Amino acid sequence: MTRVYNFSAGPACLPEWVLKKAQEEMLDAHGSGMSVMEMSHRSSEFQEILDTCKARLRRLMNIPDDYEILFCQGGGTMQFSMVPLNLLKHSADIINTGQWTKKAIMEHKKLGKTQVIASSAEDNFTHIPKIKQEDLTPDSDYVYICENNTIYGTKYKELPPHEGKLLVADLSSCILSERTDVSKYDLIFAGAQKNMGPAGVTVVIIKKDLIGHAKENIPSLLDYKTYADNDSMYNTPPCYAIYMVGLVLQWLEEEIGGLEEMEKLTRKRASLLYDYIDQSKLYSNPVAKEDRSYTNIPFVTGDAELDKKFVKEANEAGLVNLKGHRTVGGMRASLYNAMPMEGVYALIDFMKKFEKENLA
Ligand SMILES: *Cc1c(COP(=O)(O)O)cnc(C)c1O
């Protein structure tokens with residue numbers, strides 16, 4: 001068996017520790033004589049898996065008691081509609097930083113008054129637009145951001161001003177990669193398949209007093225209250241995905257030692273790669289230095305044919321999924337929590353070799 005280094009932006013690599021644990025427990029999980037996939041979600045065994053998963057997330061992220069943790073389906077994308085259905089009373093202020101906010105804007109516009117208060121579209125989303133308090137719309141209910149832009153490789157290092165407004169943030173591609181002060185946000189959501197587990201479950205962390213004010217006559221499954229009142233089990237939850245998230249959280253707590261340790265690893269992985277790219281004569285990263293993502297790092301050679309060759313040869317060398325998103329081209333290395341440091345070193349070694357062979 002050979003495992004590759006998988007730089008996919010999502011679904012992404014998972015820690016080997018987690019995969020092995022899942023394998024061990026596949027036929028007989030928690031003494032039940034069955035796999036988690038076969039369990040009733042109403043069983044005491046599954047209830048314990050769910051409770052443990054929630055408790056671990058609360059401990060790891062230091063989530064205050066006045067926030068609820070919900071497990072939804074429909075990916076990050078369903079939150080683009082659930083957020084306005086539940087929180088938009090007057091209007092929403094959105095900062096456009098690329099694909100994932102464009103989609104949120106599109107869904108918001110169907111449901112209520114929406115202002116795009118800043119955008120980095122004009123420079124192809126290579127920086128985070130900075131806003132001032134006076135840029136906010138007087139009647140807006142919340143400011144909406146995507147904290148880490150998976151496709152363009154930008155990240156907020158400081159939250160935008162939002163005095164008198166709620167702050168809603170899509171953390172799909174940076175959650176658990178560093179410490180997060182949850183109390184600074186009113187709603188955080190993240191699809192699991194980037195940094196938390198497999199596809200199929202989306203974690204929502206929401207201030208409790210924001211639950212129960214959804215628009216009238218909306219489908220039950222689009223109302224956060226339905227999830228809060230039923231411990232995220234109004235209907236059958238994505239049991240196996242929740243179980244896998246629980247294992248990833250156990251790995252983070254017990255094997256890594258928490259988010260402070262993970263943050264150090266995250267910064268180290270990213271700076272190794274950026275430092276190499278910045279001194280290279282072949283590769284470049286177009287993002288403003290102060291706004292660079294720690295988890296998604298795009299780079300180009302400046303020659304589309306050479307980029308293609310890079311992706312192909314990297315693939316043959318066991319460094320897979322380095323092709324950039326179809327809307328930006330070039331390459332992208334996603335360095336999520338499960339990427340071992342050896343994977344980063346292997347990538348840089350390959351890049352050096354490729355540079356030597358291909359620099360005219
Ligand atoms: C991947 C991603 C999404 C969309 O997630 P789906 O689960 O495919 O709906 C939303 N936001 C960000 C930041 C992402 O990286």
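Counting starts at 1 for both ligands and their atoms, in listed order. Everything numeric in this text was worked out from a predicted model, so none of it was measured.
With a heavy-atom cut-off of 4.0 Å, A9 does not touch ligand 1 at all. Contacts of K194 with ligand 1, taken as heavy-atom pairs under 4.0 Å, involve the side chain alone. At a heavy-atom distance under 4.0 Å, no atom of M78 approaches ligand 1.
Transitive grouping of hydrophobic side chains (ILVMFWY, heavy atoms separated by less than 4.5 Å) keeps L306 and V328 in distinct clusters.
Given atom 4 (C) of ligand 1, the protein heavy atom at minimum distance is W100 CZ3, 3.5 Å.
The closest non-hydrogen atom to atom 12 (C) of ligand 1, taken over T77, T295, D170, comes from D170. For atom 15 (O) of ligand 1, the nearest non-hydrogen atom from the set N149, V201, T150, I151 belongs to T150.
Remark: K20 fails to qualify as a cation-pi partner of W251 under the 6.0 Å distance and 45° angle criteria applied to the six-membered ring. The cationic group of R267 lies under 6.0 Å from the six-membered ring centre of Y294 and within 45° of the ring axis, placing it in a cation-pi geometry.
The aromatic ring centroids of Y142 and H162 lie 6.0 Å or more from each other. The distance between the ring centers of H213 and Y224 does not fall below 6.0 angstrom.
No heavy atom of G10 sits closer than 4.0 Å to any atom of ligand 1. Ligand 1 lies nowhere less than 4.0 angstrom from a heavy atom belonging to G191. At least one heavy atom of Q193 sits less than 4.0 Å from an atom of ligand 1.
Atom numbering of ligand 1 starts at 1 in the shown order; those under 4.0 Å from a heavy atom of G76 are 5 (O), 6 (P), 7 (O), 9 (O). Atoms of ligand 1 found under 4.0 Å from any heavy atom of G75, numbered from 1 in the order shown, are 7 (O), 9 (O).
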